[in-house]
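Here the structure is laid out as C-alpha coordinates; the discussion comes afterwards.
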2 protein chains.
Amino acid sequence: MKHSAKGHTFTEIVIESFKLSGLLANEGDRIAAPLGLSSARWKILGALARSETPLTVSQIARNMGQSRQAVQSLVNIMSETGLIEFQNNPNHKRAKLAVLTPTGVNSYQEMEAIQIPWANDYASQMTIDDLERTLVTLKKISGLFSA
Amino acid sequence: MKHSAKGHTFTEIVIESFKLSGLLANEGDRIAAPLGLSSARWKILGALARSETPLTVSQIARNMGQSRQAVQSLVNIMSETGLIEFQNNPNHKRAKLAVLTPTGVNSYQEMEAIQIPWANDYASQMTIDDLERTLVTLKKISGLFSA
DNA sequence: GTCATTATGACAATATCTTGTCAATTGTTT
DNA sequence: AAACAATTGACAAGATATTGTCATAATGAC
(Lines give C-alpha, C1' and ligand atoms only; values in the text may rest on other atoms or scores of the structure.)
Protein backbone atom coordinates (compact mmCIF):
# COMPACT_ATOMS: atom_id res chain seq x y z
CA MET A 1 0.00 0.00 0.00
CA LYS A 2 1.17 3.49 -0.75
CA HIS A 3 0.32 6.96 0.40
CA SER A 4 -2.29 8.79 -1.60
CA ALA A 5 -1.24 12.26 -2.72
CA LYS A 6 -3.17 13.73 0.17
CA GLY A 7 -1.89 11.10 2.58
CA HIS A 8 1.67 11.92 1.59
CA THR A 9 1.25 15.62 2.22
CA PHE A 10 -0.64 14.93 5.41
CA THR A 11 2.31 12.86 6.63
CA GLU A 12 4.74 15.61 5.77
CA ILE A 13 2.62 18.03 7.75
CA VAL A 14 2.81 15.67 10.71
CA ILE A 15 6.60 15.57 10.51
CA GLU A 16 6.87 19.31 10.01
CA SER A 17 4.53 19.88 12.91
CA PHE A 18 6.83 18.01 15.28
CA LYS A 19 9.79 20.01 14.05
CA LEU A 20 8.03 23.34 14.25
CA SER A 21 6.73 22.75 17.73
CA GLY A 22 10.23 21.96 18.94
CA LEU A 23 11.63 25.08 17.32
CA LEU A 24 8.84 27.23 18.72
CA ALA A 25 9.32 25.81 22.20
CA ASN A 26 12.98 26.82 22.01
CA GLU A 27 11.98 30.24 20.81
CA GLY A 28 9.49 30.52 23.66
CA ASP A 29 12.07 29.43 26.22
CA ARG A 30 14.45 32.03 24.88
CA ILE A 31 11.87 34.80 25.11
CA ALA A 32 10.59 33.72 28.52
CA ALA A 33 13.95 33.09 30.18
CA PRO A 34 14.73 36.73 31.06
CA LEU A 35 11.45 36.83 32.99
CA GLY A 36 12.20 33.61 34.84
CA LEU A 37 9.63 31.67 32.84
CA SER A 38 9.66 28.76 30.42
CA SER A 39 7.72 28.03 27.30
CA ALA A 40 5.59 25.46 29.14
CA ARG A 41 4.64 27.83 31.94
CA TRP A 42 4.01 30.68 29.54
CA LYS A 43 1.49 28.48 27.73
CA ILE A 44 -0.40 27.93 30.99
CA LEU A 45 -0.27 31.64 31.71
CA GLY A 46 -1.69 32.34 28.26
CA ALA A 47 -4.45 29.77 28.57
CA LEU A 48 -5.68 31.46 31.73
CA ALA A 49 -5.15 34.99 30.45
CA ARG A 50 -7.10 34.36 27.28
CA SER A 51 -9.96 32.63 29.03
CA GLU A 52 -13.10 34.58 29.89
CA THR A 53 -13.67 32.46 32.98
CA PRO A 54 -11.49 30.71 35.56
CA LEU A 55 -10.53 27.21 34.46
CA THR A 56 -9.95 23.92 36.18
CA VAL A 57 -6.70 22.09 35.55
CA SER A 58 -8.51 19.51 33.46
CA GLN A 59 -10.03 22.19 31.28
CA ILE A 60 -6.65 23.77 30.67
CA ALA A 61 -5.24 20.39 29.75
CA ARG A 62 -8.00 19.72 27.25
CA ASN A 63 -7.54 23.15 25.67
CA MET A 64 -3.85 22.47 25.26
CA GLY A 65 -4.09 18.86 24.13
CA GLN A 66 -2.02 17.65 27.06
CA SER A 67 -2.51 15.32 29.98
CA ARG A 68 -4.07 16.82 33.06
CA GLN A 69 -1.18 15.48 35.14
CA ALA A 70 1.35 17.49 33.16
CA VAL A 71 -0.72 20.63 33.54
CA GLN A 72 -1.40 19.93 37.20
CA SER A 73 2.30 19.75 37.86
CA LEU A 74 2.97 23.08 36.16
CA VAL A 75 0.00 24.76 37.81
CA ASN A 76 1.10 23.57 41.25
CA ILE A 77 4.58 24.96 40.70
CA MET A 78 3.15 28.24 39.42
CA SER A 79 0.92 28.40 42.45
CA GLU A 80 3.96 28.05 44.70
CA THR A 81 5.77 30.77 42.80
CA GLY A 82 2.82 33.10 43.08
CA LEU A 83 1.71 33.30 39.45
CA ILE A 84 -1.52 31.39 40.00
CA GLU A 85 -3.96 30.96 42.84
CA PHE A 86 -6.89 28.62 43.37
CA GLN A 87 -10.49 29.64 43.90
CA ASN A 88 -13.18 27.40 45.29
CA ASN A 89 -15.27 25.85 42.58
CA PRO A 90 -18.99 25.97 43.42
CA ASN A 91 -19.51 23.04 41.06
CA HIS A 92 -16.83 20.74 42.38
CA LYS A 93 -15.22 20.29 45.76
CA ARG A 94 -11.84 19.02 44.63
CA ALA A 95 -11.45 20.61 41.19
CA LYS A 96 -10.51 24.15 42.18
CA LEU A 97 -10.49 26.99 39.69
CA ALA A 98 -7.12 28.37 38.68
CA VAL A 99 -6.78 32.11 38.18
CA LEU A 100 -3.84 34.41 37.62
CA THR A 101 -2.65 36.46 40.57
CA PRO A 102 -1.82 40.12 39.92
CA THR A 103 1.79 38.94 39.62
CA GLY A 104 0.69 36.37 37.06
CA VAL A 105 -1.21 38.98 35.07
CA ASN A 106 1.82 41.21 35.18
CA SER A 107 4.14 38.45 33.99
CA TYR A 108 1.81 37.71 31.12
CA GLN A 109 1.73 41.35 30.09
CA GLU A 110 5.49 41.54 30.18
CA MET A 111 5.64 38.47 27.97
CA GLU A 112 3.13 40.04 25.60
CA ALA A 113 5.29 43.13 25.31
CA ILE A 114 7.98 40.93 23.83
CA GLN A 115 5.82 38.43 22.01
CA ILE A 116 3.73 40.93 20.07
CA PRO A 117 6.54 42.58 18.11
CA TRP A 118 8.13 39.15 17.73
CA ALA A 119 4.95 37.75 16.14
CA ASN A 120 4.25 40.85 14.08
CA ASP A 121 7.76 40.81 12.71
CA TYR A 122 7.80 37.19 11.63
CA ALA A 123 4.23 37.30 10.40
CA SER A 124 5.00 40.25 8.17
CA GLN A 125 6.91 37.88 5.92
CA MET A 126 3.75 35.88 5.19
CA THR A 127 0.43 36.63 3.56
CA ILE A 128 -2.67 36.87 5.72
CA ASP A 129 -4.36 34.40 3.42
CA ASP A 130 -1.69 31.76 3.88
CA LEU A 131 -1.68 32.27 7.63
CA GLU A 132 -5.44 32.03 7.97
CA ARG A 133 -5.78 29.01 5.75
CA THR A 134 -2.97 27.31 7.61
CA LEU A 135 -4.59 28.01 10.96
CA VAL A 136 -7.92 26.64 9.79
CA THR A 137 -6.28 23.50 8.46
CA LEU A 138 -4.26 22.94 11.62
CA LYS A 139 -7.37 23.29 13.73
CA LYS A 140 -9.16 20.87 11.46
CA ILE A 141 -6.38 18.32 11.92
CA SER A 142 -6.30 18.84 15.68
CA GLY A 143 -10.03 18.31 15.71
CA LEU A 144 -9.56 14.88 14.19
CA PHE A 145 -7.68 13.75 17.27
CA SER A 146 -9.24 15.65 20.13
CA ALA A 147 -12.74 14.31 19.73
CA MET B 1 1.30 47.61 21.32
CA LYS B 2 -1.11 45.20 19.73
CA HIS B 3 -0.89 42.30 17.37
CA SER B 4 -1.26 43.07 13.71
CA ALA B 5 -3.84 40.97 11.90
CA LYS B 6 -1.08 38.75 10.62
CA GLY B 7 0.67 38.72 13.98
CA HIS B 8 -2.53 37.58 15.65
CA THR B 9 -3.04 34.69 13.28
CA PHE B 10 0.64 33.81 13.47
CA THR B 11 0.31 33.58 17.25
CA GLU B 12 -2.73 31.36 16.97
CA ILE B 13 -0.77 29.10 14.65
CA VAL B 14 1.95 28.87 17.27
CA ILE B 15 -0.55 27.84 19.94
CA GLU B 16 -2.29 25.41 17.63
CA SER B 17 1.04 23.96 16.63
CA PHE B 18 1.87 23.06 20.23
CA LYS B 19 -1.51 21.44 20.66
CA LEU B 20 -1.34 19.52 17.41
CA SER B 21 2.11 18.20 18.04
CA GLY B 22 1.02 16.87 21.42
CA LEU B 23 -2.01 15.19 19.93
CA LEU B 24 0.04 13.70 17.10
CA ALA B 25 2.64 12.39 19.52
CA ASN B 26 -0.11 10.60 21.41
CA GLU B 27 -1.44 9.23 18.16
CA GLY B 28 2.05 8.08 17.20
CA ASP B 29 2.59 6.42 20.56
CA ARG B 30 -0.70 4.62 20.19
CA ILE B 31 0.19 3.37 16.73
CA ALA B 32 3.75 2.43 17.64
CA ALA B 33 3.04 0.75 20.98
CA PRO B 34 1.98 -2.65 19.59
CA LEU B 35 5.38 -2.85 17.86
CA GLY B 36 7.27 -1.92 20.99
CA LEU B 37 8.09 1.54 19.71
CA SER B 38 7.31 5.09 20.73
CA SER B 39 6.55 8.18 18.75
CA ALA B 40 10.02 9.58 19.46
CA ARG B 41 11.83 6.46 18.26
CA TRP B 42 9.60 6.14 15.26
CA LYS B 43 10.60 9.65 14.22
CA ILE B 44 14.29 8.66 14.33
CA LEU B 45 13.52 5.52 12.37
CA GLY B 46 11.74 7.62 9.76
CA ALA B 47 14.51 10.18 9.51
CA LEU B 48 16.97 7.43 8.67
CA ALA B 49 14.60 5.52 6.42
CA ARG B 50 13.77 8.57 4.35
CA SER B 51 17.37 9.67 4.00
CA GLU B 52 19.31 8.81 0.87
CA THR B 53 22.55 8.61 2.81
CA PRO B 54 23.55 7.55 6.33
CA LEU B 55 23.32 10.41 8.80
CA THR B 56 25.24 11.49 11.85
CA VAL B 57 23.36 12.10 15.06
CA SER B 58 23.85 15.83 14.66
CA GLN B 59 22.38 15.76 11.19
CA ILE B 60 19.32 13.88 12.40
CA ALA B 61 18.88 16.40 15.19
CA ARG B 62 19.04 19.33 12.80
CA ASN B 63 16.54 17.70 10.47
CA MET B 64 14.16 17.22 13.37
CA GLY B 65 14.69 20.59 15.02
CA GLN B 66 15.87 18.96 18.23
CA SER B 67 19.00 19.01 20.33
CA ARG B 68 21.68 16.55 19.35
CA GLN B 69 21.77 15.27 22.93
CA ALA B 70 18.13 14.23 22.81
CA VAL B 71 18.66 12.43 19.52
CA GLN B 72 21.90 10.89 20.71
CA SER B 73 20.12 9.38 23.66
CA LEU B 74 17.41 7.84 21.49
CA VAL B 75 19.90 6.61 18.91
CA ASN B 76 22.03 4.97 21.59
CA ILE B 77 19.02 3.16 22.99
CA MET B 78 17.94 2.10 19.52
CA SER B 79 21.44 0.84 18.87
CA GLU B 80 21.24 -1.30 21.99
CA THR B 81 17.88 -2.66 20.95
CA GLY B 82 19.19 -3.53 17.50
CA LEU B 83 17.25 -1.08 15.37
CA ILE B 84 20.27 1.02 14.46
CA GLU B 85 23.96 0.39 13.95
CA PHE B 86 26.91 2.71 13.53
CA GLN B 87 29.22 2.85 10.54
CA ASN B 88 32.60 4.50 10.50
CA ASN B 89 32.48 7.98 9.05
CA PRO B 90 35.34 8.61 6.63
CA ASN B 91 34.92 12.34 7.26
CA HIS B 92 34.94 12.29 11.02
CA LYS B 93 36.53 9.98 13.56
CA ARG B 94 34.01 10.45 16.38
CA ALA B 95 30.81 11.30 14.53
CA LYS B 96 29.76 7.84 13.35
CA LEU B 97 27.08 7.34 10.76
CA ALA B 98 23.81 5.85 11.94
CA VAL B 99 22.04 3.37 9.68
CA LEU B 100 19.06 1.10 10.14
CA THR B 101 19.74 -2.56 10.72
CA PRO B 102 17.58 -5.06 8.82
CA THR B 103 15.50 -5.23 11.98
CA GLY B 104 15.19 -1.45 11.91
CA VAL B 105 14.11 -1.47 8.29
CA ASN B 106 11.59 -4.14 9.08
CA SER B 107 10.18 -2.20 12.01
CA TYR B 108 9.83 0.87 9.85
CA GLN B 109 8.00 -1.07 7.19
CA GLU B 110 5.63 -2.50 9.76
CA MET B 111 4.95 1.01 11.01
CA GLU B 112 4.34 2.16 7.46
CA ALA B 113 1.79 -0.57 6.95
CA ILE B 114 -0.24 1.02 9.73
CA GLN B 115 0.63 4.66 9.14
CA ILE B 116 -0.24 4.75 5.43
CA PRO B 117 -3.92 3.86 5.73
CA TRP B 118 -4.06 6.05 8.85
CA ALA B 119 -2.75 9.06 6.93
CA ASN B 120 -4.77 8.35 3.81
CA ASP B 121 -7.93 8.07 5.82
CA TYR B 122 -7.54 11.32 7.75
CA ALA B 123 -6.19 13.17 4.72
CA SER B 124 -9.21 12.18 2.68
CA GLN B 125 -11.24 14.65 4.72
CA MET B 126 -9.12 17.58 3.48
CA THR B 127 -8.42 19.11 0.11
CA ILE B 128 -5.01 18.63 -1.49
CA ASP B 129 -4.77 22.37 -1.92
CA ASP B 130 -5.26 23.11 1.76
CA LEU B 131 -2.80 20.40 2.73
CA GLU B 132 -0.10 21.59 0.36
CA ARG B 133 -0.47 25.24 1.24
CA THR B 134 -0.38 24.36 4.90
CA LEU B 135 2.77 22.32 4.47
CA VAL B 136 4.49 25.12 2.56
CA THR B 137 3.54 27.65 5.22
CA LEU B 138 4.67 25.43 8.08
CA LYS B 139 8.01 24.89 6.38
CA LYS B 140 8.33 28.61 5.86
CA ILE B 141 7.73 29.24 9.55
CA SER B 142 10.16 26.51 10.56
CA GLY B 143 12.70 28.09 8.27
CA LEU B 144 12.45 31.32 10.22
CA PHE B 145 13.80 29.61 13.30
CA SER B 146 16.19 26.97 12.02
CA ALA B 147 18.56 29.33 10.29
C1' DG C 1 51.90 25.09 10.28
C1' DT C 2 49.61 27.39 14.17
C1' DC C 3 45.91 29.15 16.52
C1' DA C 4 41.11 30.15 17.25
C1' DT C 5 36.58 28.70 16.25
C1' DT C 6 33.22 25.35 15.52
C1' DA C 7 31.26 20.65 15.69
C1' DT C 8 30.75 16.40 18.03
C1' DG C 9 30.11 12.54 21.65
C1' DA C 10 29.71 11.72 26.42
C1' DC C 11 27.91 12.77 30.77
C1' DA C 12 25.05 15.13 34.21
C1' DA C 13 21.27 17.91 36.01
C1' DT C 14 16.85 19.40 35.34
C1' DA C 15 12.22 20.30 33.15
C1' DT C 16 8.38 18.58 30.85
C1' DC C 17 5.22 15.06 29.56
C1' DT C 18 3.05 10.36 29.42
C1' DT C 19 0.97 6.42 31.54
C1' DG C 20 -0.72 4.00 35.50
C1' DT C 21 -2.92 3.84 39.90
C1' DC C 22 -5.86 5.12 43.83
C1' DA C 23 -9.22 7.64 46.51
C1' DA C 24 -12.65 11.24 46.42
C1' DT C 25 -16.21 13.57 43.89
C1' DT C 26 -19.69 14.09 40.50
C1' DG C 27 -23.01 12.48 37.18
C1' DT C 28 -26.13 8.83 35.36
C1' DT C 29 -29.07 4.94 35.36
C1' DT C 30 -32.27 2.20 37.37
C1' DA D 1 -31.72 5.76 47.20
C1' DA D 2 -28.35 2.67 45.25
C1' DA D 3 -25.19 1.15 41.92
C1' DC D 4 -22.31 2.16 38.24
C1' DA D 5 -19.54 5.16 35.32
C1' DA D 6 -16.79 9.22 34.47
C1' DT D 7 -13.96 13.03 36.29
C1' DT D 8 -10.52 14.83 39.19
C1' DG D 9 -6.32 15.51 42.38
C1' DA D 10 -2.40 13.26 44.18
C1' DC D 11 1.44 10.42 43.67
C1' DA D 12 4.89 7.59 41.29
C1' DA D 13 7.71 5.76 37.50
C1' DG D 14 9.56 6.25 33.23
C1' DA D 15 10.34 8.50 28.58
C1' DT D 16 11.63 12.46 26.18
C1' DA D 17 13.37 16.94 25.99
C1' DT D 18 16.48 21.08 27.28
C1' DT D 19 20.83 23.25 28.88
C1' DG D 20 25.52 23.09 30.53
C1' DT D 21 30.14 21.27 30.54
C1' DC D 22 34.23 18.83 29.05
C1' DA D 23 37.46 16.57 25.95
C1' DT D 24 38.25 15.37 21.20
C1' DA D 25 38.00 16.26 16.25
C1' DA D 26 37.45 19.08 12.28
C1' DT D 27 37.51 23.61 10.00
C1' DG D 28 38.99 28.18 8.89
C1' DA D 29 41.96 32.31 9.37
C1' DC D 30 46.37 33.93 9.43
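Small disclaimer: the values here were computed from a predicted structure and weren't measured. By convention in this document, chain letters (A, B, ...) are assigned in the order of the sequence lines, proteins followed by strands, and residues within each chain are numbered from 1.
- Contacts between chain A and DNA chain D, taken as any atom within less than 4.0 angstrom of a protein heavy atom, begin and end at D:dT8 to D:dT18.
- Through direct or indirect side-chain contacts shorter than 4.5 Å among Ile, Leu, Val, Met, Phe, Trp and Tyr, A:M1 is connected to B:I116.
- Residue pairs meeting the salt bridge (Lys or Arg N to Asp or Glu O under 4.0 Å) criterion with at least one member in residues 20-32 of chain B, sequence neighbours excluded, are B:E27-B:R30.
- Atom CG in B:N76 sits about 9 Å away from atom P in C:dC11, given to the nearest Å.
- Applying the salt bridge (Lys or Arg N to Asp or Glu O under 4.0 Å) test to pairs two or more places apart or on separate chains, none has a residue in residues 39-61 of chain B.
- Among the atoms of the strands shown, none is found under 4.0 Å from any heavy atom of B:R30.
- A 4.5 Å side-chain heavy-atom check between B:H3 and A:E112 finds at least one atom pair inside the cut-off.
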Considering only distance and modelled atom types, tabulate donor-acceptor pairs under 3.5 Å from the side chains of residues 78-86 of chain B, sequence neighbours left out.
unit_1	atom_1	unit_2	atom_2	d
B:T81	OG1	B:I77	O	3.2
B:T81	OG1	B:M78	O	3.3

**Prompt:** Which nucleotides of nucleotides 15-28 of chain C have their base under 4.0 Å from a protein heavy atom (B), which only their sugar-phosphate (S), and which neither (-), written as one string 5' to 3'?
**Reply:** -SSBBBB-BBSS--
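- Within the structure, ring pair (Phe, Tyr, Trp, His ring centres under 6.0 Å) pairs that include any residue of residues 110-135 of chain B comprise A:F10-B:W118, A:F145-B:W118, A:F145-B:Y122, B:W118-B:Y122 (at least two apart or interchain).
- Among pairs with a residue in residues 94-108 of chain B, those fulfilling side chain to side chain donor-acceptor pair (under 3.5 Å) read B:N88-B:K96, at least two apart in sequence or across chains.
- The bend of the helix from C:dG1-D:dC30 to C:dT30-D:dA1, defined by the angle between the axes of its first five and last five pairs, stands at 50° to the nearest 10°.
- Residues forming a salt bridge (charged side-chain N to carboxylate O under 4.0 Å, His left out) with B:E12 (at least two apart in sequence, or on another chain): A:K139.
- Every residue two or more places apart in sequence or in another chain that forms a salt bridge (charged side-chain N to carboxylate O under 4.0 Å, His left out) with A:R133 is listed here: B:D129, B:D130.
- Residue pairs satisfying the ring pair (Phe, Tyr, Trp, His ring centres under 6.0 Å) criterion with at least one member in residues 31-53 of chain A, sequence neighbours excluded, are absent.
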